[in-house]
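Notes follow the structure.
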Amino acid sequence: MAFPKTGNLGFPRMGAHRELKFALEGFWSGKQDEASLLSVARQLRTEHWKLQHAAGITTPPSNDFSLYDHVLDMVATLGAIPKRYAHQGGPVPLATYFAMARGSANAPAMEMTKWFDTNYHYVVPEFEPGMKYALLSAKVVDDYLEAKSLGIETRPVLLGPVSFVLLGKPTDNNVTRTSVLEAILPLYSTLLSQLQAAGAEWVQIDEPCLCLDLNDEARLFYQKAYAILRGVVSPKLMLTTYFGDLAENLDLALSLGTEGLHLDLVRAPQQLEALTSKEINGPHLSLGLIDGRNVWRTDLDHAVTQIESAVAHFGADKIQIAPSCSLLHSPVDLDLEHSLDPEIRSWMAFAKQKLDEVVLLARSIGGKDKIAAELQTNAKILTSRRSSPRIHREEVQQRLDAIDSPMLQRHGLYPARRKTQEKALALPFLPTTTIGSFPQTTEVRKARAASRAGKLDAAAYENFLRQETERCIRFQESAGLDVLVHGEFERNDMVEYFGEQLEGFVFTSNGWVQSYGSRCVKPPVIFGDVFRPQAMTVQWSTYAQSLTSSLVKGMLTGPVTILQWSFVRDDQPRAQTCQQIALAIRDEVQDLEAAGIKVIQIDEPAIREGLPLRRADWPVYLAWSVDCFRLATSVVRDETQIHTHMCYSEFNDIMDAIVRMDADVISIECSRSRMELLDAFHRVRYPNEIGPGVYDIHSPRIPSGKEMEDLLRKALEVLTPQQLWVNPDCGLKTRGWEEVRHALTAMVHTAKQVRASLSA
Ligand code: GLN
Ligand code: ZN
């Protein structure tokens, strides 16, 4: 078959109406059986293949679908099942698969972390000593055959062996990544041969790690691995790289001898020139020209110029058009957005529309006049977007221009603030608190939905939220927590809630994107200058505070996280958009303080995931992102305590930035990576206060008091008792009240015990 002119690296799995989410959750809660879950999954795959095929994607991807996570699928495929799941060999049962993802009564879940700089979380493979790698699952081939039986030829997707090894973690110093790679390569060879035998012409082999800074060992891994894979009877390999620039790894990628190479030309358009400057008879090229990670229409004229240059150098028959990366990170279908502002909507494209762009651009190969009319329409839309008065606001620009360094600086230095706060807040040592949200029960969600649908009037909804908040305050009082929260019942999502109250944002009704497992987020869309027309949280915080004599923390989402978890305008630098958000949050912080709130938490769980993939680009990012946090928080008096919260962070790399944020207290996710992170805080002699999470809220498992005590004692090996706070590792909104009640009661009890033992 000739080289297909269109390609796609992956399609969103959840379904346009999040069918997979509901099927998974039905299955986990015991309301649905395995057969019905699998049938929903199968239906979704079918629908997605048909949709892509009908759009004109000649060989859409297969095995991009997953019941939880594609990295976990690879773990199951290669038999890298940690011992604690007591797998007896053979195909991995669904119960074991989900136990690895979510934990079970006997075994905590595997660690999760962010997939490169996206908000998608993957399950981190664990490489244990003596692990017996073996092909345990036939999913890769089965999915290919499933599509084939529908009459659709697909390009199976495999996470490449080197990225798999680099993304995983040896659990023991005796396990080397080299040994893991050696063990899994024969399995990859077998998989490729099986796919060849099944009839696949191309396989997409994802090696996103090629866009990272690689050490010599990793480069060697690539050379070794692909030398071996090239030697087997295999479909042609489309080596896919994305999220960044191959840069100095371009030669390495080309040397691997794969038949195809995919480049992310949205994130790193300069790669095309780097490639065309090499006079080589290189691989077939997949040009990632359509942004798989944002919602804006492509500038088709610009894309056509890139295509023309590629065609001139490599010939039309060597070029394929594709999205920049998997469309996993895009919402599914703009056609479902009926209530979006029509003008702003006309600037956008979701997964389905992006595939139309792919197909359209592919038609231009060998002559752009074939799509002249479409190019003209596209240019008109883009011009109208650029010149729309809805995007630019003079007063926002003026405030940005007026930012100066005193605005980024708290009045007193931390040691002085600490003394002032000790007096003002009178907290015990090892104070207990939570991260903010309490269970978002079915009732809470139902009430919100009813209120949105106009079935519950504003007063009734408000009343309901007041009751929930009061119940939450009373529970916290009875559990004996020191710093309470209002529970965040009024919030659908920590970013959406703020975006809805800020100017410059719009919201989709169905623009869901998978975050992890069944969890989806609906990122707001920042289309224009951001500002805050009025206070956003003061009413709920002051209401909660009025109910109790304990301290209630004000809860805000930080500017970097709002930026990071939104679809961001692409017509100005991200740093500038972030400053606009920081000013809005700064106003809110000031209003909370003025309303008598003494402790204010500004969550920044996304700071680390915003790190550029290449270290050389870190300092610039960390400088502006930390400055934005400081801009948002430095407005308060010394006695007001600023907290921040981060989760899933490998803090080691960004300790200096965390210190520079200068929050009085930071709470961090810690329980899954078993306090490793604390070493980092110890190393830099972190001067301020820290609450390393002692309760893993991402798992339904309730930790025992003993486990929490062990974690606290470990923390005390590296932190002083004056520095230590006691809290769960993240918000409780995904948990049930029953679990939360037990876990927090045990947590407070443990804190009291440790306190007593320390003062004895
Ligand atoms: N305050 C938020 C909550 O408790 C923080 C969530 C997060 O860190 N992702 O839900
Ligand atoms: Zn968190």
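Whatever order the structure lists them in is the order used to number ligands and atoms, beginning at 1. When reading the values below, keep in mind they use all heavy atoms of this one structure, side chains included, and skip hydrogens, waters and symmetry mates. Keep in mind the model is a prediction, meaning the values are calculated, not measured.
Between SG of C647 and NE2 of H645, the angle at the Zn ion (ligand 2) works out to 120°, rounded to 10 degrees.
The nearest heavy-atom contact from the protein to atom 4 (O) of ligand 1 is S437 N, 2.8 Å. Nearest protein neighbour of atom 9 (N) of ligand 1, counting heavy atoms only, is M494 SD, 3.5 Å. Regarding atom 5 (C) of ligand 1, its nearest protein heavy-atom neighbour is D603 OD2, 3.3 Å.
The distance criterion of under 3.5 Å between nitrogen or oxygen atoms is met by H645 with respect to ligand 1. Backbone and side-chain nitrogen or oxygen atoms of I435 are examined, and one is located within less than 3.5 angstrom of a nitrogen or oxygen of ligand 1.
By the 4.5 Å heavy-atom criterion applied to side chains, D662 and F629 are not counted as neighbours. Between V754 and L430 the shortest side-chain heavy-atom distance falls below 4.5 Å.
Of all atoms in ligand 1, listed by their number and element, those nearer than 4.0 Å to a heavy atom of G436 are 4 (O). Distances below 4.0 Å separate heavy atoms of G731 from the following atoms of ligand 1: 3 (C), 4 (O), 10 (O). Applying the 4.0 Å criterion to heavy atoms of C647 picks out, from ligand 1, the atoms 8 (O), 9 (N). Of all atoms in ligand 1, listed by their number and element, those nearer than 4.0 Å to a heavy atom of C730 are 7 (C), 8 (O), 9 (N).
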* Check the pair L547 / R474 against side chain to side chain contact (heavy atoms under 4.5 Å, CB included), numbers first and verdict last. => CA-CA 9 Å; L547 297 171; R474 296 294 165 245; 4.0 Å; yes
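With I658 as the partner, the side chain to side chain contact (heavy atoms under 4.5 Å, CB included) test is satisfied by one option alone out of I666, T644, I607: I666.
Using a 4.0 Å cut-off between a side-chain N of Lys or Arg and a carboxylate O of Asp or Glu, E709 and K706 do not qualify as a salt bridge.
Distance check: Q476 CD to T548 OG1 gives 8.5 Å after rounding to the nearest 0.5 Å.
For the 3.5 Å distance criterion, the side chains of S550 and E477 fail to qualify, holding no donor opposite an acceptor.
Atom NZ of K522 sits in a crowded spot, with more than 12 heavy atoms from other residues, nucleotides or ligands closer than 6.0 Å.
With a 4.0 Å heavy-atom cut-off, ligand 1 is reached by the side chain of E488 but not by its N, CA, C or O.
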